Number of protein chains: 2
Amino acid sequence: MLSNACQYAIRSILYLGMRSDEEHKIGVKVISKELEVPQPFLAKLLQQLNKSNLVTSTKGPYGGFYLSETNKQHTVWDIVSLIDGNEKFNQCFLGLSKCGDDNPCPVHFTVSAFKQKLFQDFKEKTIAEFVEEIKLKGRYISLKSFEILKPDSDS
Amino acid sequence: MLSNACQYAIRSILYLGMRSDEEHKIGVKVISKELEVPQPFLAKLLQQLNKSNLVTSTKGPYGGFYLSETNKQHTVWDIVSLIDGNEKFNQCFLGLSKCGDDNPCPVHFTVSAFKQKLFQDFKEKTIAEFVEEIKLKGRYISLKSFEILKPDSDS
DNA sequence: TTAAAACAGGACAAAAATATCTTTTTTATA
DNA sequence: TATAAAAAAGATATTTTTGTCCTGTTTTAA
């Protein structure tokens, strides 16, 4: 459903939300290794996210990426609509242009209920809230999964 | 989520399920026009579906495609797994390889509930049942949508 | 002030998905 | 039997997505 690029973007931002702040910036190299995402591709992506004010970067030694407080007030939906476009959650599962509540395809109601719920999650919760939730549940983002680690194993 | 090819395939098969039988075969030209799908692309697809016994075809004048009774005993899932592969409903929404019930990504439960429901629909209902359901609701497949037509407007 | 670290930007490359074209085979029927 | 209609098959083309490479710019700190 989401493009690779978009998945990478969401994962990166959640990762940065968990691990970074203005005093602890993280370089592309580290992020790409941790999330198992191709480095140059991710670099481009982060560039784009930076331009749209979804992440913050600084150059030079000790530079890298992090989420500012402003960045964290954005939503996952902001990421999706930037990378995959506004219509991502607005398309018929079977590709019918005229599918809708009044003229539903055979899976319309199943699909639209799901999309609505997810859309709400993505649109209503800020990145900060998402991150908070993950932290409360004791999970940290690393590698390609949200692995459960002991909180104090964090560096 | 589903590829174009897969959406085209599902739509074609439901369309054939509604409109065709051994005495009323339908040519690629007609199907592609009705479903607004590129004709040569669809031809290839139907070829593939035919090889996998999901549709039946005959060559020559008055030839075309239709669903035999055997064809109709297949499921939508058979189409999906043929075109988009077996893992389509088995992948993390955020692309995490280790995401699962015991190690869920932030949207895991929302997404997996949906996928299960859809998967069930696709796996348990035969094409025949899907078609029956559409007919009962008074809908016919045409153009790019499942439009509601008066039953007797059918030729 | 200079070297190195890190992101920025632009061009390029590869792979996958989508789409097209041409020729061959089959078949009904005139 | 010849002809035309239609799918099958294979080759090719286009577009999109994904991924890479190289050079430039900024920044830090020795």
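No hydrogens, no waters, no symmetry mates; every other heavy atom, side chains included, goes into these values. Letters A, B, ... are given to chains in the order of the sequence lines, protein chains preceding strands, and every chain is numbered from 1. Being a predicted model, the structure only gives us computed values, none of them experimental.
- Considering only heavy atoms from C-beta on, B:M1 comes within 4.5 Å of B:K115 through its side chain.
- Within the structure, every pair that satisfies the salt bridge (charged side-chain N to carboxylate O under 4.0 Å, His left out) test and touches residues 74-96 of chain B, not counting sequence neighbours, is listed here: B:D84-B:K88.
- Applying the side-chain hydrogen bond (donor to acceptor under 3.5 Å, both in side chains) rule to A:S68 yields the partners A:N71; only residues at least two apart in sequence or on another chain are considered.
- An OP1 or OP2 oxygen of C:dA8 is reached within less than 4.0 angstrom by a side-chain nitrogen or oxygen of A:N50.
- Dashed line: the shortest gap from a side-chain N or O of B:S57 to OP1 or OP2 of D:dA8 is under 4.0 Å.
- Judged as a side-chain contact (heavy atoms from CB on, under 4.5 Å), and not counting sequence neighbours, the contacts of A:E129 are A:K125, A:T126.
- For residues 38-62 of chain A, no pair satisfies salt bridge (charged side-chain N to carboxylate O under 4.0 Å, His left out), with sequence neighbours left out.
- Atom P of nucleotide D:dT17 and atom CD of A:Q48 are separated by 12 Å, given to the nearest angstrom.
- Contact annotation: A:Y8 does not reach the phosphate of D:dT18 (side-chain N/O to OP1 or OP2, under 4.0 Å).
- Rounded to an integer number of Å, the gap from B:N4 CG to D:dT16 P is 11 Å.
- Checking D:dG19, D:dA9, C:dA8 against every side-chain atom of B:K51, the shortest atom distance belongs to D:dA9.
- Rounded to whole angstrom, the span from the CG atom of A:L2 across to the P atom of D:dT18 amounts to 11 Å.
- Residues passing the side-chain contact (heavy atoms from CB on, under 4.5 Å) test with B:Q39, sequence neighbours excluded: B:V28, B:K29, B:S32.
- As rounded to whole Å, 12 Å separates atom P of D:dA6 from atom NZ of B:K25.
- Take A:T110 and apply the side-chain hydrogen bond (donor to acceptor under 3.5 Å, both in side chains) test, not counting sequence neighbours, and it matches no residue.
- In terms of the side-chain hydrogen bond (donor to acceptor under 3.5 Å, both in side chains) criterion, B:S81 has no residue partners (sequence neighbours excluded).
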How does protein reach along nucleotides 20-30 of chain C, written 5' to 3' as B (base within reach of a heavy atom under 4.0 Å), S (only sugar-phosphate), or - (no contact)?
-> B----BBBB--

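- Of the residues in residues 66-87 of chain B, none has a non-hydrogen atom less than 4.0 angstrom from any atom of DNA chain D.
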